[in-house]
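Heads up: the structure comes next, in structure tokens.
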Amino acid sequence: MNNINFSSYPLSDVILKAISDLGYEIPTPVQQQVIPAVLAGNDVLVQSQTGSGKTASFGIPLCEKVDWIENKPQILVLEPTRELAQQVQEDLINIGRYKRIKATAVYGKASYVKQKSELKQKSHIVVGTPGRVLDHIIKGSLPLEKINCLVIDEADEMLNMGFIDQVKEIIAALPKMKNTLLFSATMPQTIERMSNAYLHEPIVVKIEATEKTTPKIQHAFLDTTDENKLNALEAVTIMENPDTCIIFANTQEKVNVTYDFLVKAGYPVGKLHGGMMQEDRFDVMDAFRKAKFRYLVATDVAARGIDIENITHVINLDIPYEKESYIHRVGRTGRAGKEGFALTFVTPKEGALKREIETFGELTMTQITLPNAKLVARSKSAFEAKITTKQKIKQPKAKRVNEEITKVYFNGGKKKKLRALDFVGTISKIEGITAEDIGIITIQENVTYIDILNGKGQLVIQAMKERTIKGKQLKVHVARKK
Ligand code: AMP
């Protein structure tokens with residue numbers, strides 16, 4: 001087992017290079033089972049937690065199998081939340097970077113028209129939330145005839161969020177699948193029934209919790225009342241002085257109130273809930289991931305699957321209504337073998353709910369008591385020193401893959417009747433550039449973005465200032481945003 005590395009699999013050089021740039025050396029246990037199974041064309045039913053490398057376990061073989069020439073989507077990936085859809089899209093783009101795979105994400109509360117225009121272009125893989133995917137299917141903007149693989153990710157969460165009927169509706173609209181891959185952290189009966197109905201002789205992969213996949217989390221609870229929660233939160237955070245902490249509340253209103261309280265108290269803090277604009281949600285996630293602030297107050301939208309490294313503390317300001325949510329929330333800490341601390345505030349009426357969670361999660365929460373004022377005061381200077389010190393900005397994991405890539409902007413697109421071939425034709429004639437250096441091309445109404453690979457962005461920009469495309473002189477510079 002230990003001798004396995006990614007080059008043991010029949011993967012092409014462009015995929016292996018991207019994997020190596022991402023810093024993956026040894027396939028994780030789930031990858032060791034899923035990659036060969038999917039490459040061989042089997043259906044898989046995978047029970048595995050997030051953090052186990054499961055996205056790459058399907059991303060790698062599926063990017064390998066994509067037929068680049070085909071313009072219509074070949075793979076559909078369903079995710080329960082917009083954040084996950086975006087994260088998985090990014091992961092797939094990173095894995096498929098050198099193969100120039102185009103992965104498009106579609107989710108609610110974002111421009112339908114923009115997504116429709118993206119889907120009209122070459123899109124090898126579509127990642128989306130069930131509601132919006134269904135919307136695109138019904139309105140005819142997501143062609144299904146070439147889809148040959150369906151990935152249902154986080155199936156138990158789809159179930160919890162009430163998306164299962166939409167998932168079934170999507171499946172009914174799809175052509176006969178060559179491959180269906182189903183991933184779930186838990187296997188409730190409904191998911192098993194789905195597997196029986198839609199998967200064909202699947203290879204069943206169950207990753208037993210091991211040292212590496214079981215987070216080392218210390219669970220604790222604190223008896224408190226609703227009125228006292230914010231003061232208790234302040235005392236606890238001063239004592240604990242976490243490096244990074246997510247605070248979960250059950251409602252958007254509670255998130256807002258808690259966030260305002262912490263801002264006033266001088267905490268470096270962000271907030272995240274479903275009522276915020278999609279762009280703002282992404283910006284907050286991105287800033288938190290880059291360690292621009294230490295505290296994030298969130299509703300359950302942030303709980304599931306989101307891959308942020310090194311969260312040291314999770315505090316449930318409100319005990320979650322659903323016992324499954326507890327597992328997902330605390331799963332944000334204790335990742336990759338690191339230790340984590342999960343503290344839940346319990347009000348007098350919530351004892352039964354706490355016990356239910358303990359039974360369900362096979363865990364015991366240790367009681368902690370509120371530190372007295374003297375102790376809090378003594379800890380305050382260390383706490384203040386930390387919250388006023390800026391953290392080192394973390395580079396996102398995609399950085400290395402992107403390093404050699406420059407996104408280049410041109411001020412012309414469909415309206416000027418420009419097509420990908422026109423760009424490729426002109427750019428590949430530049431001395432020192434071949435078609436291999438040209439990555440994903442996104443043509444919009446009035447602008448075009450092209451990824452130039454292998455550190456040759458500036459070369460292309462300089463050369464294109466002197467050249468025309470289809471007789472048209474275009475403005476060209478490094479793109480500001482994707
Ligand atoms: P996931 O379970 O997909 O959320 O992945 C958890 C984390 O593991 C992500 O940050 C991945 O980038 C990372 N990862 C996935 N596969 C590997 C690997 N083979 N080696 C190291 N890290 C990996």
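One-based numbering, in listed order, for ligands and for the atoms of each.
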Decide whether an N or O pair under 3.5 Å exists between [X] and ligand 1.
X     : answer
Ala56 : no
Gln87 : no
Pro27 : no
Lys54 : yes

I'd like to know if [X] and [Y] make a salt bridge, using a cut-off of under 4.0 Å between side-chain N and carboxylate O.
X      : Y      : value
Lys114 : Glu118 : no
Arg97  : Asp451 : yes
Glu154 : Lys54  : yes

Could you list the atoms of ligand 1 found under 4.0 angstrom from a heavy atom of [X]?
X     : value
Ile26 : 18 (C), 19 (N), 20 (N)
Phe6  : 19 (N)
Ser52 : 2 (O)
Thr55 : 1 (P), 3 (O)
Gly53 : 1 (P), 2 (O), 3 (O), 5 (O), 6 (C), 15 (C)

Sequence neighbours excluded, which residues qualify as salt bridge (Lys or Arg N to Asp or Glu O under 4.0 Å) partners of Lys72?
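Scan of Lys72 (salt bridge (Lys or Arg N to Asp or Glu O under 4.0 Å), adjacent residues dropped) gives Glu145.
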
Cation over ring, Lys122 on Trp68, under 6.0 Å and within 45°?
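The answer is yes, since Lys122 meets both limits relative to Trp68.
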
Kindly identify the option in Gln31, Glu25, Gln32 whose heavy atom sits closest to atom 16 (N) of ligand 1.
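Among Gln31, Glu25, Gln32, the closest heavy atom to atom 16 (N) of ligand 1 belongs to Gln31.
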
Please state which option from Tyr24, Phe183, Phe58 has its nearest heavy atom closest to atom 17 (C) of ligand 1.
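Looking at heavy atoms only, the winner is Tyr24.
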
Heavy atoms, side chains only, cut-off 4.5 Å: are Lys102 and Ile125 in contact?
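A side-chain contact is absent here, since even the closest heavy-atom pair is not under 4.5 Å.
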
Among Val126, Val106, Leu144, which one satisfies side chain to side chain contact (heavy atoms under 4.5 Å, CB included) with His136?
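Exactly one candidate clears the test, Val106.
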
Not counting sequence neighbours, list each pair that qualifies as a salt bridge (Lys or Arg N to Asp or Glu O under 4.0 Å) and has a residue in residues 173-183.
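Counting only pairs at least two positions apart or across chains, no salt bridge (Lys or Arg N to Asp or Glu O under 4.0 Å) contact touches residues 173-183.
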
